[in-house]
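Ligands are counted one by one from 1 in listed order, and the atoms in each one are counted from 1 as well. Side-chain atoms are counted along with the backbone in the values below, which use heavy atoms only and exclude waters and symmetry mates. These figures come from a predicted structure and were not determined experimentally.
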Amino acid sequence: MSQRKLMPGKLVVASHNNGKIREINELLEPYGFEVTSAADQNLAEPEETGLTFEANAELKAVAAAKASGLPSLADDSGFCVEGLDGQPGIYSARWAGPEKDFAMAMRTIEEKLEAIPAVAGADRRGYFVAVLCLAWPDGHTEMFRGEVHGQVVWPPRGDKGFGYDPVFQPDGYDRTFGEMTSEEKHGWSADTPALSHRARAFELFSKACLEN
Ligand SMILES: O=c1nc[nH]c2c1ncn2[C@H]1C[C@H](O)[C@@H](COP(=O)(O)OP(=O)(O)OP(=O)(O)O)O1
Ligand SMILES: [Mg+2]
């Protein structure tokens, strides 16, 4: 299917996560959209019944585009730990429970890694995934995936980000995402074009769908 450009105008960020909404707003900033979020618009939070990041990103984007009548950009993301066979993965938000307790979710990861017998040695590599899906009210969608690989560190460090940021140290850096400003997390201050999973997916999205 051919790629469709997104014309300047109103755009819904189909998310209820403030950390994500803030980052996506920063990434969209240069393009001059009139951005609102699904949270601002009181749109229902769809049940994430998909078994992949792609399926959940599409379901959130399509639901918001249908409900708002506006192009809608959803992000489905998560943290995958190699030693835990990719968990929590698509269940990353759910591991934090209804109270969105990420201190607990980070502790759960560490406890599961520490429970792995020393002979095997826990594989502490991990990576974030973000899939961005843009949906138009007529049902057309475009999808982009970004990943960033690194290590799970313990104890958590830094309070600048959200979610699992304090326990993730990207390859080539000695600080966690929790210790980075959002400019650094996006990759804007380094010579890499994009660093975080979200910034990497966004870069593909902007090249395909936005006027650069
Ligand atoms: O850059 C990140 N830094 C730290 N943690 C992150 C990041 N990106 C995703 N994560 C974790 C936390 C989040 O809660 C979950 C995504 O779950 P996910 O269902 O995609 O988002 P969500 O339920 O929080 O909000 P919503 O679905 O309304 O967009 O993975
Ligand atoms: Mg969610």
Task: salt bridge (Lys or Arg N to Asp or Glu O under 4.0 Å) partners of R124, counting only residues at least two apart - done: E110

Open item on the list: Within the 3.5 Å criterion, strictly below it, is a donor on H186 or E184 matched to an acceptor on the partner's side chain?
Closed with: no

TODO: Determine whether the side chain, the backbone, both or neither of F168 has a heavy atom under 4.0 Å from any heavy atom of ligand 1.
DONE: neither

- [ ] Examine ligand 1 and decide if any of its atoms is less than 4.0 Å from a heavy atom belonging to S196.
- [x] no

Task: Atoms of ligand 1 close to G163 [distance to a heavy atom under 4.0 angstrom, numbered from 1] - done: 4 (C), 5 (N)

Open item on the list: Using 0.5 Å steps for rounding, measure from the NZ atom of K60 to the CG atom of D75.
Closed with: 6.5 Å

Task: Polar proximity ligand 1 side, S15 side, N/O cut 3.5 Å exclusive - done: yes

Open item on the list: Out of all atoms in ligand 1, which are within 4.0 Å of some heavy atom of D76? Include the element for each.
Closed with: 18 (P), 19 (O), 20 (O)

Open item on the list: As an exercise, identify every atom of ligand 1 less than 4.0 angstrom from a heavy atom of K185.
Closed with: 1 (O), 2 (C), 3 (N)

- [ ] Just do the side chain to side chain contact (heavy atoms under 4.5 Å, CB included) check on E54 and R145 with the steps written out, would you?
- [x] CA-CA 8 Å; E54 283 77 6; R145 183 185 180 105; 2.9 Å; yes

TODO: Please write down residue, atom name and distance for the protein heavy atom closest to atom 8 (N) of ligand 1.
DONE: R198 NH2, 2.9 Å

TODO: Heavy-atom contacts with D75 under 4.0 Å: which atoms of ligand 1 show up? List them by number with element.
DONE: 20 (O), 29 (O)

Task: Proximal ligand 1 atoms for K20, defined as those under 4.0 Å from one of its heavy atoms - done: 18 (P), 20 (O), 21 (O), 22 (P), 25 (O), 26 (P), 27 (O), 29 (O)

Task: Where ligand 1 meets K60 - atom numbers and elements under 4.0 angstrom, heavy-atom basis - done: 18 (P), 19 (O), 20 (O), 26 (P), 27 (O), 29 (O)

Open item on the list: Please confirm whether F128 approaches ligand 1 to less than 4.0 Å, judged on its heavy atoms.
Closed with: yes

Task: For H197, the ligand 1 atoms whose distance to one of its heavy atoms is below 4.0 Å - done: 1 (O), 2 (C), 7 (C), 8 (N)

Open item on the list: So does C80 get a backbone contact from the side chain of Q87, meaning a donor-acceptor N/O pair under 3.5 Å?
Closed with: no

TODO: Specify the closest pair of heavy atoms between A55 and G50, including all atoms of both residues, with the distance to one decimal.
DONE: CB-CA, 3.9 Å

- [ ] Determine, using heavy atoms of Y164 and all atoms of ligand 1, whether some pair is separated by less than 4.0 Å.
- [x] yes

Task: Option passing side chain to side chain donor-acceptor pair (under 3.5 Å) with K185 (candidates H197, E23, E179) - done: E23

Task: Shortest protein heavy-atom distance from atom 24 (O) of ligand 1, along with the residue and atom involved - done: N17 ND2, 2.9 Å

Open item on the list: Please work out, at 4.0 Å between heavy atoms, whether the side chain, the backbone, both, or neither of F102 comes within that distance of ligand 1.
Closed with: side chain

- [ ] Using a cut-off of strictly less than 2.8 Å, determine whether D76 has an N/O/S atom near the Mg ion (ligand 2).
- [x] no

Task: Cluster link M106 to I90, ILVMFWY, side chain under 4.5 Å - done: yes

TODO: Report whether I24 and F162 are members of the same hydrophobic cluster (ILVMFWY, side-chain heavy atoms less than 4.5 Å apart, transitive linking).
DONE: no

Task: Whether F79 and F168 hold their rings parallel, tilted or perpendicular, with breakpoints at 30° and 60° - done: perpendicular

Open item on the list: Students should be able to answer this: which protein heavy-atom is nearest to atom 3 (N) of ligand 1, and at what distance?
Closed with: D165 OD1, 2.6 Å

Task: Numbered atoms and elements of ligand 1 in range of S92, under 4.0 angstrom, heavy atoms - done: 15 (C), 30 (O)

